[in-house]
*Asks:* 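The structure under discussion is supplied below as structure tokens; questions concerning it will follow.
All values reported here derive from a predicted model rather than from experimental measurement.
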Amino acid sequence: MLFFKRILKAPENPPGENPEPELPRVERRSTQRFAIQPEFPLKAVISLVGRDDSGAQMSASRHGWHWKGRLIDCSEKGIRIQMGPALRAVSGDACELMLSVEGFELTIPCRIANVHEKEQGLVFGLNHAIDNEADLIAYRQLLEIVALGATLKAQFKHTKPDETGYLLEQFAGDRPSRLSVWRNPSDGSVMAFEFLLKDSLVRAAAAQPAEYFTSEGGAGTQPAAAAKAAEIHRLFQWVVPNLAPAVPADVREFLQYYAG
């Protein structure tokens with residue numbers, strides 16, 4: 001199931017060309033991993049046949065063998081996930097990664113690439129084996145949701161008020177995403193923000209409701225229609241819990257108020 005129908009859409013291909021969505025350039029150059037914070041609302045379950053102490057699989061079918069885990073990071077090739085210490089598996093084992101958030105579900109066929117023991121449990125490196133276009137598009141949307149917040153880095157922090165009378169600081173990522181924050185020069189409190197999420201924009205000021213805009217199609221920034229605004233708000237809700245550590249705690253709190 002696609003997470004979004006009106007935003008984060010795959011690029012369209014000209015007639016006669018390969019219909020598979022083109023990868024963003026940054027992901028063609030490398031298999032960049034995007035960190036997933038524990039607060040990110042996505043739930044993860046692995047369907048995997050466990051092994052006994054001798055290493056033999058305990059069943060001939062994965063049916064009913066579901067193990068909860070915590071996502072660590074994701075890339076174009078796969079996902080790393082932390083599992084409990086009781087689960088036994090080896091490299092090459094086939095599994096399904098079942099992801100769910102607010103009624104949206106995505107099941108991804110995978111193979112275990114590696115297993116590492118950590119103090120908190122086992123960390124599985126999973127390589128996906130997605131074999132249909134719809135699931136591939138949905139997975140790439142998931143990558144974007146994670147990366148929009150995870151790649152943010154501090155760009156600048158002004159010490160003098162701008163034309164608004166407030167102090168501007170900015171964070172930017174490579175998806176593209178850009179978070180601009182305005183602070184009160186007298187006490188440094190957060191007064192307003194503007195968050196660019198690819199072709200979507202969320203804007204709000206203290207004691208004022210959030211506004212949602214779109215810049216799709218090169219027509220300039222304009223208010224989003226109701227259905228698209230609802231998707232932008234959902235994207236904003238999912239991005240905010242996964243902001244990079246570079247974003248200060250008071251900014252996170254201000255954004256979370258509007259994310260709801």
Side-chain angles (χ1 to χ4, degrees), residues 1-13 17-28 30-48 62 66-81 94-113 124-151 173-177 197-200 202 212 214 216 224 227-242 259:
M1 175 187 293
L2 289 180
F3 296 98
F4 301 98
K5 296 180 180 179
R6 298 171 178 84
I7 60 176
L8 299 188
K9 295 185 294 185
E12 295 182 0
N13 296 77
E17 292 193 7
N18 189 340
E20 181 179 331
E22 183 183 0
L23 289 177
R25 288 185 179 180
V26 65
E27 292 174 359
R28 287 203 303 268
S30 67
T31 53
Q32 182 180 4
R33 291 178 176 178
F34 306 112
I36 302 175
Q37 303 298 328
E39 296 79 14
F40 190 62
L42 197 68
K43 297 179 181 179
V45 174
I46 286 183
S47 176
L48 171 72
R62 291 197 301 271
H66 292 170
W67 311 80
K68 292 183 180 179
R70 185 183 75 78
L71 299 171
I72 297 175
D73 57 39
C74 58
S75 72
E76 177 65 24
K77 291 185 177 180
I79 282 177
R80 286 200 305 164
I81 184 170
C95 62
E96 286 186 333
L97 177 63
M98 297 178 287
L99 304 173
S100 61
V101 55
E102 296 181 14
F104 293 85
E105 297 180 352
L106 177 63
T107 298
I108 304 173
C110 299
R111 284 198 177 274
I112 297 178
F124 288 2
L126 306 179
N127 286 341
H128 75 68
I130 301 174
D131 57 4
N132 70 78
E133 184 177 340
D135 286 348
L136 185 59
I137 293 173
Y139 181 72
R140 287 174 177 171
Q141 285 190 343
L142 172 62
L143 283 181
E144 292 302 302
I145 295 168
V146 174
L148 283 167
T151 61
D174 58 11
R175 306 314 293 169
S177 56
L197 303 166
K198 299 199 76 170
D199 294 328
S200 303
V202 184
Y212 304 93
T214 180
E216 187 178 12
K228 181 170 283 191
E231 287 201 350
I232 296 173
H233 178 70
R234 189 196 320 142
L235 174 62
F236 177 62
Q237 282 184 307
W238 293 349
V239 168
V240 168
N242 204 60

*Asks:* Once rounded to the nearest 0.5 Å, what's the spacing between atom CZ of F4 and atom CD of E144?
*Replies:* 11.0 Å

*Asks:* For a quick test of reading the model, state the closest non-hydrogen atom pair linking A227 to R6 and the distance between them.
*Replies:* CB-NE, 3.4 Å

*Asks:* Does L8 reach the side chain of L235, with side-chain heavy atoms less than 4.5 Å apart?
*Replies:* yes

*Asks:* Just jot down the side-chain contact (heavy atoms from CB on, under 4.5 Å) partners of T151, sequence neighbours excluded, or say none.
*Replies:* Q32, F34, A147, D174, R175, S177

*Asks:* Say you draw a straight line from CZ of R70 to CG of L42; how long is it, rounded to the nearest 0.5 Å?
*Replies:* 12.5 Å

*Asks:* So, using salt bridge (charged side-chain N to carboxylate O under 4.0 Å, His left out) as the criterion, who are the partners of R80 when residues are at least two apart?
*Replies:* D73

*Asks:* Only pairs under 3.5 Å count here: list side-chain donor-acceptor contacts from residues 98-109, not counting sequence neighbours, and write none if there are none.
*Replies:*
unit_1	atom_1	unit_2	atom_2	d
E102	OE2	W238	NE1	3.2

*Asks:* Could you work out, with side-chain contact (heavy atoms from CB on, under 4.5 Å) as the rule, every residue matching N132, not counting sequence neighbours?
*Replies:* A134, D135

*Asks:* If the condition is side-chain hydrogen bond (donor to acceptor under 3.5 Å, both in side chains), which residues does N242 pass it with, not counting sequence neighbours?
*Replies:* none

*Asks:* Please name the pair of heavy atoms, one in A138 and one in L2, separated by the smallest distance, quoted to 0.1 Å.
*Replies:* N-CD2, 3.7 Å

*Asks:* Name all residues meeting the side-chain hydrogen bond (donor to acceptor under 3.5 Å, both in side chains) criterion together with Y212; count only those two or more places apart in sequence or in a different chain, and write none if there are none.
*Replies:* H233

*Asks:* Holding to ring pair (Phe, Tyr, Trp, His ring centres under 6.0 Å), I want the full list of residues that pass it with F236, two or more places apart in sequence or in another chain.
*Replies:* F193

*Asks:* Given side-chain contact (heavy atoms from CB on, under 4.5 Å), test V45 with W67 step by step and report yes or no.
*Replies:* CA-CA 5 Å; V45 174; W67 311 80; 5.7 Å; no

